Amino acid sequence: MALKHKTPMLEELEKGPWPSFVADIRRMAARKPMCEDLLGLLELSYEQKEGHWKHGGIVGVFGYGGGVIGRYCDRPDLFPNVAHFHTLRVNQPASKFYSTEQLRKICDMWEEKGSGLTNMHGSTGDMVLLGTTTDQLEPVFYHLTHELGMDLGGSGSNLRTPSCCIGKARCEWSCLDTQEITYDLTMTYQDELHRPMFPYKFKFKTSGCPNDCVAAIARADCSIIGTWRDKIRIDQEAVRAYAAGELVPNGGSHGTAKRALDIQKEVVDLCPTGCMEWDGKTLKIWDEDCTRCMHCINVMPRALRPGQDTGATILFGAKAPILEGAQLSSVVIPFMKMEPPYDEFKELIEKVWDWWMENGKNRERLGELIQRFGMKAFLEAIEVQPDPRMIKTPRYNPYIFYDPADVPGGWEHDPKAFRERHHA
Amino acid sequence: MALKHKTPMLEELEKGPWPSFVADIRRMAARKPMCEDLLGLLELSYEQKEGHWKHGGIVGVFGYGGGVIGRYCDRPDLFPNVAHFHTLRVNQPASKFYSTEQLRKICDMWEEKGSGLTNMHGSTGDMVLLGTTTDQLEPVFYHLTHELGMDLGGSGSNLRTPSCCIGKARCEWSCLDTQEITYDLTMTYQDELHRPMFPYKFKFKTSGCPNDCVAAIARADCSIIGTWRDKIRIDQEAVRAYAAGELVPNGGSHGTAKRALDIQKEVVDLCPTGCMEWDGKTLKIWDEDCTRCMHCINVMPRALRPGQDTGATILFGAKAPILEGAQLSSVVIPFMKMEPPYDEFKELIEKVWDWWMENGKNRERLGELIQRFGMKAFLEAIEVQPDPRMIKTPRYNPYIFYDPADVPGGWEHDPKAFRERHHA
Amino acid sequence: MPFDPNDIMKDRITDIGPPKYDNFFPPYIKENYGKWKYHEILEPGVLVHVAETGAEVYTVRTGAPRLMSVDYIREVCEIADKHCGGYVRWTTRNNIEFMVDDKSKLQPLIDDLRSRGNWFPMGGTGASVTNIVHTQGWVHCHTPAIDASGIVKSVMDELFDYFGSHKLPAQVRISLACCLNMCGAVHCSDIAILGVHRKPPFVEHDRVQNVCEIPLVIAACPTAAIKPKKVGDRKSVEINQNRCMFCGNCYTMCPALPIADGDGDGIALWVGGKVSNSRTAPKFSKLAVPYIPNEPPRWPTVVQTIKKIVEVYASDARRYERIGEWIERIGWERFFEKTGLEFRHEHIDDYRLAMTTWRTTTQFKF
Amino acid sequence: MPFDPNDIMKDRITDIGPPKYDNFFPPYIKENYGKWKYHEILEPGVLVHVAETGAEVYTVRTGAPRLMSVDYIREVCEIADKHCGGYVRWTTRNNIEFMVDDKSKLQPLIDDLRSRGNWFPMGGTGASVTNIVHTQGWVHCHTPAIDASGIVKSVMDELFDYFGSHKLPAQVRISLACCLNMCGAVHCSDIAILGVHRKPPFVEHDRVQNVCEIPLVIAACPTAAIKPKKVGDRKSVEINQNRCMFCGNCYTMCPALPIADGDGDGIALWVGGKVSNSRTAPKFSKLAVPYIPNEPPRWPTVVQTIKKIVEVYASDARRYERIGEWIERIGWERFFEKTGLEFRHEHIDDYRLAMTTWRTTTQFKF
Ligand code: SRM
Ligand code: SRM
Ligand code: SRM
Ligand code: SRM
Ligand code: SF4
Ligand code: SF4
Ligand code: SF4
Ligand code: SF4
Ligand code: SF4
Ligand code: SF4
Ligand code: SF4
Ligand code: SF4
């Protein structure tokens, strides 16, 4: 079908084996002028190598301070149908299972009230409804809440939509009910999610084990990562079966053919702590030295399993580069049991937020505030004792801010006595 | 012999198997009032747990801006003989060999003109003559230059006394003439050493190999460390002799008894690059992957030797913590041949100094200036091309200062054309 | 009660949050929740998970464009209805997972997917290049230096063979972010594609006072390059161009400081990051190529450079070694040598923690 | 021409530099310069080096107090004259080396040394605790928080057995610096003893203007804690005590800001640094114990703490593992557990590069 705008460059993106977003949008464009203008605008960007969207301005639904990203085109003269092109972030169900019934309802609604285009999903985890006009925001919200049992996710200086890995729903390694934790936090903190009250955004992400399939440690102000305190469970029979080539190593990740696994080379020698021994018959793990990196379990999923005294390591502070440079999350609670209603965890989080809200500058992420005030101030505020598990190495500079309470006489000198002892 | 001052605390330090500086000073104190008062003053410090020396003030020998550390006691009322107690730093012969003839002359001179106390040696490398009065500074200097053929070392914002490891004089691993380099630099830069002209101190240290027995990488603004570009020399017979227990591993460092060396475990497995193979008969080194760490050579000195295409890795910037925190030196020249008259090296150093003198703030070490201006500015100033050997890892923050010369149109935008493409 | 535009408060429902996750769990997922025992990849894109109960679930993972229309989603639903009892899920990297609870249902599902042209390529499991996490680009955002979806499409077309196979030494996770805000969280990816500006913003003095909060703009600059300035009788700002590293943060705060420039903008490539704690700790991605111009519509230089990196890695790394682990073993000097990438001044860090990235040892390879 | 105090320029000689090194080389050193082939330690403190020419040199290394009188040096000369042809040298760590060129001369030399009480203990070779590099302390400097020689003596007395033996897994290099200037370069030692102040300086407002250059004082403070302040009609400075980390740099610039305090000052212990490039790259020393009070004359707590660290290391580390390498293998959590040292807030870095020291992985030991 011929479209209003010529898009020769975009057409190049209809070629090739990977599913083409251009071909997909084009089929919508036949019935949606918004999509037609979007393609035209995008072609213009391809020609000029510059984007054509302006800043958002304040659009949203009544009573919420987030969930909508306003967007206006800077060439409404050429592309009037995308003059407004706002996005709604819809809070996804934890771990992103859907019934087709629910999906179809969403599609119908969004074809009617929006562009018919989505992101499945946004990087934070939301279902992203991409592009509608200001007058449609309230109707979409009404429809979401009344017909679909759905609500908006976060944007702006508030709690962002929490997300998680698939966890116990289909993974044998999960040490946490990742969905339950995510759902509970999302529900408990609806107000924080919808009404900006923080210095900046705040993200929770929960992974069931240290493989961290939701990239929590890199992308969440609070990263909740499953782990265990007891021993790795070993099935020695299965270990031998791997060695004998009766089982496929690494669950088939490196080829699905059976082959004899060289346990010494591929498992023991790659263990970061060197805490394993293999004598050709029995695999010994010195669990007290294991740092639960998951490698051996990943390679022999039928022989090794995480322990059963499970819980979470809680880390804080990950973020993208703006302002002070990117950060990964840092260990703050080496181990915490995670059982509903998660009171211990919530008490902790609320202390964290209180401190951040009290001290954080505008647009200062938690990780940056910890940098600025120091880990000590943070730990004191949240009433957590220092632990060597929080650090890679102790300080190597001698610039220690000693606590005056530990010093006889605190910060005071007796200048007169000093000058009696030491003549100037 | 009874001394003027009671020193019960210091006497405790005459006990024990390690040579006692107190006992040594005490024997001098019998004939030197300066030593007697020094002990008294030190006892006072032991009682009060505070030092009793004041700032130096400007003392020195005429025409020199360094080499003397002025020192005044803050209790001349109690210890008049150490009211003045200045130190002279005497430039040591490179690698600190002495004839007894020379030493005796120094002793006689110093007993006459000073306290008779020394440090053999100061941390920078000087012979330190500890404690004399202002009026003795010129006579000592006269005596040093006229009778002993010696000169003062550095202090203040100048070149400091260069120093080096024993190198080729008695070490089989030295890839450099460490003494020759040290002597040549010291002689070439006498003016820089004696007349402060730098923003702050500057230190050269030269080690013959990466074992770095003079700790150059930690303590010198310019660290010159010997290395080689070709292959490690292997004597396979000797390797087998180590394996068979016929030679003492590690030259006896871990006990002088012979024992069979487990070459796999103690050498191959500890090689940081994993570039060795041992089949029980022949040791294979993949030299292209070797990073010349010295470990294997250290463990089997009779079987392995550094290569023969030798030269230096030149690193810059080491320093103690003041102000910005301690630094180790960083690789700037991965390899440079070092042969007299060291023109290439001296050209480099002079460019380094020019840049530092032009841009350095008062009391800013070279390493700190490199931090402040960035490695790029430093490399450009000294006309050295970037090389991945200069870094542990490339940058991981996206805050790149692109060079406008590489950008079409440089830093200029065409605001009007922009606003024609993009309506505000 | 339909929506009443004149009374938006009528029957208003707020703060209900998302649907509870298990509303959408297929029955066999609900039943075996927390009981999974092990898994195996049967072929690229196809997994089986086996529960302690003996139950099995077969998963077929397909690549998706992420930016998708309701038509696409409806086609997903059609497949899920036909084979999967009406359930489907998305992964954390925007792939789609179709699950069946019985081996007999697997082949029909696969056949169906394969019959639908190139909409549902199978893969993304194990030691593959899985879907590229990415962001909005020129499709929606106001700060991008590059497009997102078009580059992703171009790269995945070229690496397609690695998506549907297990030929690599380990997982290769590629991400894209269209500006330094890094919404794609590219800072810890095996390969990261990052949109970069290279000209300092220009200042529209006649607009600043009207559209921007000047103190916020000043505070937004990580390098303190921005100062207040009066221009005539208007309040505005001035940018010290020498201190600008083109992050665009000031533009986010103030539309009167445009930074985009078709000729200056482009792509930086980063390598060697990872997120998992497996074997080695999570790592940041490090700069590999400081700049490649925007070359729409197919970005050939970026595509070929990434391909080159992947291929050198594939041929040189040991099994289980992620790109970053491989580079740490061989050394950065070898990485640049083997890939033929140029080492330039931009690679040497000069921001806050620069010192920690310099080589403070004589250990290196010639 | 003797020195004429009234005409110091007469016959003045300057800039002659040090004597050329080889003036003092014994003949066999000169002859075999650059020709050494291998070495071996024959017993603790005794080395033999063998040249390609077949020549041998036997070295006996003895510990020395560093702070030594001319009497001590004369005794050294006496020994060197008797056995070593009138030559002797000092090592880079302030030990003394007596050399002989023939095996027959070795035992007489050793016997002589042993006959001289405890002035010339043999050792410091191989996997030992060698001499402690140190600084001035209360003997000469104006900024020390501790003494130097007295602590060194106390520690070496206690570790004496490790000086004259090869019982440790590897070299243990101990250094001491009496203030944060770190003249002992303790920042890269296996064990470092560092003098620390813990009270901000006080300001003698009536002296500042007379004895200090105020701008230099202000610039000297690493944390920008110092500001100018007028007190009455005098120029002075004011210190923001909350920002002070007691480095004493301002006192170095200005005697009117005394920082020493008998009750507040003391020692911090650091561990795990190294300098050599052997196996692992050079490393900084890390904080082990933030504070131990000054306990002259024998500093028992410092001595016992160091002994404890050395003993735990000796019993737990593998051969060739320096202290820092050992700790990196077992993890800091285990280091604190095994040594029984308390982990406190001071251990967690809060200076410029603090972020790089936090644990950004779930890998740790319980
Ligand atoms: C839609 C989305 C990208 C996508 O295509 O998936 C997105 C889009 C935007 N992000 Fe983001 N961010 C999105 C996930 C992220 C992530 C990833 C994550 O959450 O896991 C990050 C990195 C992690 C983090 O939070 O640090 C991220 C880091 C940023 C930043 C930098 C924050 C920082 O502290 O460094 C900004 C800048 C800002 O906040 O001003 C930003 C800002 C923006 C804005 C609002 C632009 C702006 O400056 O105002 C973008 C709106 C685009 C648009 O027009 O729709 N976005 N942003 C993601 C949200 C979808 C969702 O809700 O699921
Ligand atoms: C004598 C000596 C210590 C010793 O007992 O051995 C020494 C003594 C002093 N040093 Fe030092 N430094 C001595 C080697 C060092 C070293 C080690 C080295 O050179 O290898 C360092 C660390 C390496 C470095 O240069 O960074 C060192 C780093 C400092 C610093 C900190 C410099 C920095 O950039 O961080 C200062 C502070 C200053 O310069 O104001 C300093 C300052 C001082 C002053 C001058 C005190 C002052 O603040 O003015 C001391 C005079 C003591 C006295 O009364 O005699 N001294 N100083 C060493 C010189 C003897 C010699 O010439 O052989
Ligand atoms: C489905 C998904 C979770 C979800 O909630 O959606 C998932 C599922 C599984 N992951 Fe994952 N991972 C998923 C994203 C991730 C991520 C996140 C990311 O890439 O953004 C990571 C961190 C990646 C990183 O380090 O940069 C991740 C790191 C792992 C690892 C560690 C790999 C390593 O050696 O570094 C394993 C273990 C393995 O594969 O051996 C693993 C293993 C697994 C297992 C085998 C777990 C299990 O027993 O079921 C699952 C199948 C793996 C496969 O596809 O080969 N998963 N996995 C995600 C699929 C993404 C996709 O569509 O491609
Ligand atoms: C004499 C001296 C050089 C000098 O010019 O004075 C020297 C001499 C030798 N060193 Fe050294 N080193 C000397 C200070 C150093 C230093 C500097 C320091 O400690 O301040 C270092 C760096 C220490 C560090 O890493 O912190 C040093 C690190 C080494 C190493 C590497 C050890 C390691 O595994 O890390 C070796 C190799 C070995 O011992 O296996 C070595 C090996 C040697 C050999 C075997 C070299 C040789 O073939 O002759 C010499 C005898 C070693 C012995 O005593 O066991 N030398 N050596 C220094 C003696 C100091 C002393 O009196 O104790
Ligand atoms: S993070 Fe762990 S528990 Fe979660 S899906 Fe990945 S492997 Fe499974
Ligand atoms: S989980 Fe990691 S650290 Fe623990 S035994 Fe397995 S490989 Fe080693
Ligand atoms: S640094 Fe190398 S050459 Fe110099 S003494 Fe030490 S081992 Fe020998
Ligand atoms: S010198 Fe070091 S890197 Fe080179 S082969 Fe020997 S042990 Fe390996
Ligand atoms: S990465 Fe930048 S340009 Fe891309 S969506 Fe995020 S904020 Fe917008
Ligand atoms: S682009 Fe970034 S660095 Fe440049 S002026 Fe704006 S905020 Fe500052
Ligand atoms: S470490 Fe400090 S107190 Fe000790 S000598 Fe050096 S400057 Fe003086
Ligand atoms: S002691 Fe150091 S930190 Fe404290 S005021 Fe003085 S210079 Fe600043």
Side-chain angles (χ1 to χ4, degrees), chain B residues 9 12-13 16-19 21 24 28 45-46 48-51 53 55 91 93-94 96-100 103-104 107 111 116 119-120 123 138-139 142 145 149 151 168-170 172 179 186-187 190 210-212 214-215 217-219 251-255 293-295 301-302 320 322-323 326, chain D residues 3 8 13 15-19 21 24-25 29 33-34 36-41 49 65-70 72-74 77 80-81 86 89-90 92 118-119 126-127 138 142 144 149-150 153 156-157 160 166 182-183 185 187-188 222 249 255 260 262 275-279 282 294 296-297:
Chain B
M9 293 181 94
E12 290 298 313
L13 290 171
W18 189 250
F21 70 102
D24 187 31
M28 287 298 293
S45 283
Y46 271 52
Q48 298 179 340
K49 301 188 261 182
E50 286 170 2
W53 300 103
H55 285 63
N91 199 329
K96 300 172 190 160
F97 280 84
Y98 294 93
S99 68
T100 52
L103 285 175
R104 286 184 201 279
C107 290
E111 176 158 1
N119 290 141
M120 294 293 276
S123 295
E138 287 293 349
Y142 187 92
T145 49
D151 200 346
K168 291 188 173 176
R170 202 199 54 205
E172 67 268 34
Q179 289 93 347
T186 310
M187 295 312 286
Q190 281 289 302
N211 280 332
D212 197 1
V214 77
I217 205 167
R219 304 192 296 158
S253 283
H254 298 93
C293 83
M294 293 295 296
H295 175 71
R302 293 183 65 167
I322 307 299
L323 292 171
Chain D
F3 176 68
I8 62 167
I13 300 177
D15 298 290
I16 56 168
Y21 51 94
F24 304 138
F25 278 175
I29 292 289
Y33 187 87
W36 299 104
K37 201 164 164 213
Y38 66 87
H39 75 280
E40 199 171 310
I41 307 177
H49 284 78
R66 188 183 89 126
L67 166 50
M68 58 179 64
S69 72
V70 293
Y72 190 99
I73 299 174
R74 287 179 181 127
C77 291
D81 281 343
R89 87 173 279 265
W90 270 259
T92 60
N118 59 5
W119 288 113
W138 294 331
H142 66 290
S149 306
K153 163 79 174 139
M156 285 311 286
D157 278 344
F160 190 71
H166 295 161
M182 288 200 183
C183 298
H187 57 292
C188 296
N249 202 34
V275 165
S276 80
N277 292 277
S278 187
R279 295 169 310 281
N294 266 317

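Worth knowing before you read on, the calculation uses all heavy atoms, side chains too, and leaves out hydrogens, waters and symmetry mates. Numbers restart at 1 for each chain; the letters A, B, ... are given by sequence-line order, proteins then strands. These figures come from a predicted structure and were not determined experimentally.
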Do [X] side-chain atoms and [Y] backbone N/O form a donor-acceptor pair below 3.5 Å?
X         : Y         : value
His166(D) : Gly252(B) : yes
Asn91(B)  : Gly17(D)  : no
Asn118(D) : Gly16(B)  : yes
Asp157(D) : Trp18(B)  : yes
His187(D) : Ala218(B) : yes

Q.
Could you check whether Arg74(D) pairs with Glu111(B) (Lys NZ or Arg NE/NH1/NH2 to Asp/Glu carboxylate O, under 4.0 Å)?
A.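 The answer is yes: the pair qualifies as a salt bridge.
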Contact leader toward chain D among [options], where contacts are heavy-atom pairs under 4.5 Å:
options                                   : answer
Glu12(B), Lys96(B), Met9(B), Met120(B)    : Met120(B)
Cys107(B), Pro93(B), Ala320(B)            : Cys107(B)
Gly255(B), Ala326(B), Gly51(B), Ala169(B) : Ala169(B)

Atom of [X], atom of [Y] and distance for their closest heavy-atom approach:
X         : Y         : value
Ile16(D)  : Asp151(B) : N-OD2, 2.9 Å
Pro301(B) : Tyr38(D)  : O-CB, 3.9 Å
Ser253(B) : Gly126(D) : OG-CA, 3.5 Å
Leu13(B)  : Pro297(D) : CD2-O, 3.4 Å
Gln190(B) : Pro18(D)  : NE2-CD, 4.3 Å

Look up atom [atom1] in [X] and atom [atom2] in [Y], then write down how far apart they are to the nearest 0.5 Å.
X         : Y        : atom1 : atom2 : result
Lys168(B) : Ile29(D) : NZ    : CD1   : 14.5 Å
Ser123(B) : Arg66(D) : OG    : CZ    : 5.0 Å
Asp24(B)  : Ile73(D) : CG    : CD1   : 9.0 Å
Thr145(B) : Asp15(D) : OG1   : CG    : 10.5 Å
Arg104(B) : Cys77(D) : CZ    : SG    : 5.0 Å
Arg170(B) : His49(D) : CZ    : NE2   : 5.0 Å

Q. Ring centres of Phe97(B) and Trp90(D) under 6.0 Å apart?
A.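 No, too far apart.
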Q: Assess the pair His55(B) and His142(D): is the distance between their ring centroids shorter than 6.0 Å?
A: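 They qualify: ring centres under 6.0 Å apart.
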(Q) Just so I know, are the side chains of Arg302(B) and Glu40(D) near enough to count as touching, which here means a heavy-atom distance under 4.5 Å? (A)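 Counting from C-beta outward, Arg302(B) and Glu40(D) do come under 4.5 Å.
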Residue [X] versus chain D: region with a heavy atom under 4.5 Å:
X         : result
Ser99(B)  : both
Met187(B) : side chain
Ile217(B) : side chain
Glu138(B) : both

**Q.** Heavy-atom pairs under 4.5 Å with chain B, option from Pro296(D), Ala260(D), Ser276(D), Pro282(D) with the top count
**A.**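 Heavy-atom pairs under 4.5 Å are most numerous for Pro296(D).
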Q. Among Cys183(D), Gly34(D), Gly86(D), who wins on heavy-atom pairs under 4.5 Å with chain B?
A.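 Sorted descending by pairs with chain B, the first entry is Gly86(D).
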Q) So Phe21(B) and Met68(D), side-chain contact (heavy atoms from CB on, under 4.5 Å) or not? Walk me through it. A) CA-CA 6 Å; Phe21(B) 70 102; Met68(D) 58 179 64; over 6 Å; no
Q) Using 30° and 60° as the class limits, which term best fits the ring planes of Tyr46(B) and Trp138(D): parallel, tilted or perpendicular? A)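 Aromatic pair Tyr46(B)/Trp138(D) classed perpendicular.
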**Q.** Check against side-chain contact (heavy atoms from CB on, under 4.5 Å), Gln48(B) and Asn294(D)
**A.** CA-CA 10 Å; Gln48(B) 298 179 340; Asn294(D) 266 317; over 6 Å; no
Q) side-chain contact (heavy atoms from CB on, under 4.5 Å) between Tyr33(D) and Gln179(B): does it pass, once the steps are laid out? A) CA-CA 11 Å; Tyr33(D) 187 87; Gln179(B) 289 93 347; 3.2 Å; yes
Q: Evaluate side-chain contact (heavy atoms from CB on, under 4.5 Å) for Arg279(D) paired with Met294(B), printing each intermediate quantity in order.
A: CA-CA 7 Å; Arg279(D) 295 169 310 281; Met294(B) 293 295 296; over 6 Å; no
